[in-house]
Amino acid sequence: MSLKSNNIKLVLILLLLPVIGLSQTRKKVNIEQAEFLEFNEHIVKNAQRLIGNVIISHNNVRMWCDSAYSYTDTNMVDAFGHVHILKDDTLHMYSDYLNYNSGTKWARATGNVKLVNKSTTLTSDTLDFDMTRNVGYYNDYGTIIDSTSTLHSKIGEYYVDDNKAYFKTDVEVLSEDYTLDSDTLIYDTKTKIVSIVGPTRIRDEETALYAESGFYNSITGSAELFENPEIIGKEQKVNADSIFYDKPTGDGKAIGNARIEDFRNRMVVKGNRIVYNDLQETAMATDSALFMLYSEKDTLFLHADTLKSVPDTVPDEKLVLAYFQVKFFRDDMQGKCDSMVYWSKDSTIQLYHEPVVWSENNQMTSEYIEMITQANGPDLVRMEQNAFIVAMEDSGRYNQIKGRDMLGYIRNNELYKINVDGNGQSVYYARDSKGLIGLNKAQSSNIEIYLDSSKVKKIVFIKAPDGELLPILDIPEEDKELPGFQWLNAIRPKRMEDIFKKHQETKIAR
């Protein structure tokens, strides 16, 4: 009998009855259909060649292709052309070529590979698929597309049953709402949550997120970020050891070495714990709270137990509120009080509850102090109720000015003029070319004092003064100090780090 007649008989048998496998010792590959079957040891050893509308099944796997080799000794199949696998009636895989090992239940597909699981599709040029665990692997670039995002990477693993995809190297995610670049991440195709396990940047229309560990909800935009996390918005940046952000409500928490920078207002708020709200534009810092106000020339550093930033009634402007144990330092000015308000609109600072301001050699106190920055004029220091200015002349000697209210004028970071309004009193040491000549005491309801290098240069009494010059050797101790005098140099911040020292009023030197 000729080989051709044998082939015809085999084709007829295949059309009428399925051929049951080739091995009696294990689950066999079933050839359900083919238009033509050929067996030739000279072409491929121990193999049947199936041609035309081939259908093969094995357990819960069914395969369609244009042609195939079915190996009798290994129970393996090589499928060619329009290969389609259906597993468990839900999972589809398409390719140009597929090698299927029924013993290991492992498939290797190449050429236009597409794996479809419900609303998730994986495409690649080459894909290894573990039929037992329902896991697909690629290592030469692949793409996963679901209902919201498109994810690319060089290396990937897709766990069908767990709805998890693992991506590594050149990871990129694209969607209508955000883009993502990463080294390594895990994506849940069901919850749409990204697990960050390597350097990752996420951008949407309003913010850019960076972290090396954490979670990102691609539906809501909320995030839990760890390991060098950072959130950058149009007008602010947040850094911390950990950042928790709920985008729908705008609520955020920055924990550990937290820092929020306001680009527009040139402000930085730092602390070990910052609670903020993007929508309401509020922030509160506690635990080592620090406020920094910077410019091209210098930076103001301010510490308090609690710092708050809230929007002003003026659009795009802020108020910064500082509470309890407030101290601040700038190269040309330092101060302390119990509470403070900073207005970004005109850079005004208001100090409440026993405030003290030091400028060069001058110490200023009153019940309320307001520092005003003017663009086209001298900066002002307004002191209301029990205003008192002290400047050390030399060891044990102090120039003093006292009154109900005072207005100090600052130019080039130097106090050069003081106006006393009401109940003015002054004590200052007079000099000539040879040195000190005496102590000048005077009283007048209104006084103007002019200074040069923190030294009294001229005093103008607006109304007739009541005063005297006491010779340097005849100065009684009680005349050296005005009522209410105190020298607070012990609590003055001498450097930036000093603002974190707690001051105790009982230790104030007089």
Side-chain angles (χ1 to χ4, degrees), residues 196 200 202 206-217 220-294 299-312 318-329 335-344 349 351-353 493 495-503:
I196 301 168
T200 301
I202 304 171
E206 299 175 351
T207 56
L209 283 68
Y210 175 84
E212 295 166 17
S213 176
F215 304 93
Y216 175 75
N217 189 317
T220 66
S222 298
E224 297 180 13
L225 307 177
F226 313 101
E227 293 189 35
N228 304 311
E230 180 178 81
I231 299 179
I232 301 178
K234 294 179 180 178
E235 296 183 359
Q236 74 173 23
K237 179 169 68 173
V238 182
N239 301 89
D241 292 340
S242 304
I243 299 176
F244 304 87
Y245 181 58
D246 186 351
K247 188 167 186 178
T249 64
D251 289 329
K253 287 190 297 184
I255 309 298
N257 299 307
R259 184 181 191 273
I260 297 181
E261 180 174 1
D262 183 330
F263 304 128
R264 175 188 292 273
N265 296 299
R266 297 188 173 188
M267 301 186 316
V268 176
V269 175
K270 300 178 70 175
N272 280 323
R273 179 181 176 86
I274 299 179
V275 179
Y276 66 97
N277 186 284
D278 269 352
L279 302 181
Q280 299 174 9
E281 299 182 3
T282 61
M284 183 176 72
T286 56
D287 189 0
S288 303
L290 175 66
F291 170 65
M292 300 165 58
L293 182 65
Y294 61 89
T299 300
L300 174 75
F301 300 90
L302 182 145
H303 166 65
D305 290 345
T306 302
L307 289 172
K308 291 183 179 180
S309 174
V310 298
D312 195 350
K318 294 286 185 68
L319 299 181
V320 176
L321 312 175
Y323 297 101
F324 313 123
Q325 300 282 353
V326 179
K327 275 191 175 182
F328 63 86
F329 175 90
K336 79 93 185 171
C337 62
D338 194 61
S339 58
M340 184 215 77
V341 179
Y342 168 75
W343 305 72
S344 69
I349 297 177
L351 309 178
Y352 299 87
H353 305 297
R495 53 180 187 161
M496 188 277 285
E497 291 79 7
D498 291 345
I499 63 177
F500 293 98
K501 293 181 179 179
K502 297 297 183 181
H503 54 260

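Atom NZ of Lys253 sits in a sparse spot, with 12 or fewer heavy atoms from other residues, nucleotides or ligands closer than 6.0 Å. For Phe324, the CZ atom sits in a loose shell: 12 or fewer heavy atoms of surrounding residues, nucleotides or ligands are nearer than 6.0 Å. Summarising the local packing, NZ of Lys318 is surrounded by more than 12 heavy atoms from other residues, nucleotides or ligands at distances under 6.0 Å.
When every heavy atom of Leu307 is checked against every heavy atom of Phe291, the shortest pair comes out as CD1-N, 3.5 Å. Minimum interatomic distance between Pro493 and Lys327 (heavy atoms only, all atoms of both residues): CG-CD, 4.2 Å. Of all non-hydrogen atoms in Asn272 and Asn257, the two that sit nearest each other are OD1-N, 3.3 Å. Closest heavy-atom contact between Val341 and Tyr352: CG2-CE1, 4.1 Å. Ala254 and Ala240 get closest at one heavy-atom pair: CB-CB, 3.7 Å. Taking every heavy atom of both residues into account, Pro248 and Leu279 meet most closely at O-CD1, 3.8 Å.
Remark: the Glu230 side chain and the Asn239 side chain contain an N/O donor-acceptor pair separated by less than 3.5 Å. Between the side chains of Tyr210 and Glu212, at least one donor-acceptor pair of N or O atoms lies under 3.5 Å.
Considering only heavy atoms from C-beta on, Leu225 stays 4.5 Å or farther from Tyr245 through its side chain. Residues Tyr342 and Asn265 have side chains not in contact (no heavy-atom distance under 4.5 Å, counting atoms from C-beta outward). Side chains of Asp305 and Thr286 form no contact here, defined as non-hydrogen atoms less than 4.5 Å apart. Within the 4.5 Å cutoff, the side chain of Leu300 has no heavy atoms near those of the Phe329 side chain. When side chains are defined from C-beta on, Gln236 counts as touching Asp278, because their heavy atoms get closer than 4.5 Å.
Here the CZ-CG distance, from Arg266 to Leu293, works out to 9.5 Å after rounding to the nearest 0.5 Å. Atom-to-atom distance recorded for Leu290:CG and Leu302:CG is 7.5 Å, nearest 0.5 angstrom. In this structure, CE in Met267 is found 4.5 Å from OG in Ser309, a value given to the nearest 0.5 Å. The CG atom of Asp498 lies 13.0 Å from the CZ atom of Phe301; values are rounded to the nearest 0.5 Å. Between the CD atom of Gln325 and the NZ atom of Lys336 there is a distance of 8.5 Å, given to the nearest 0.5 Å. Atom OG1 of Thr207 is separated from atom NZ of Lys247 by 4.5 Å, given to the nearest 0.5 angstrom.
The backbone N or O of Ala289 sits less than 3.5 Å from a side-chain atom of His303, completing a donor-acceptor pair. Judged by distance alone, with hydrogens and angles left aside, the side-chain atoms of Ser339 form no donor-acceptor pair with the main-chain N or O of Tyr323 at under 3.5 Å. For the pair Asn228 (side chain) and Ala211 (backbone), a donor-acceptor distance under 3.5 Å is absent.
A side chain to side chain donor-acceptor pair (under 3.5 Å) with Asn277 is found for exactly one of Thr282, Asp251, Asp246, namely Asp251.
For an aromatic pair to be called close, the ring centres must be under 6.0 Å apart, and Phe215 with Phe244 fails this.
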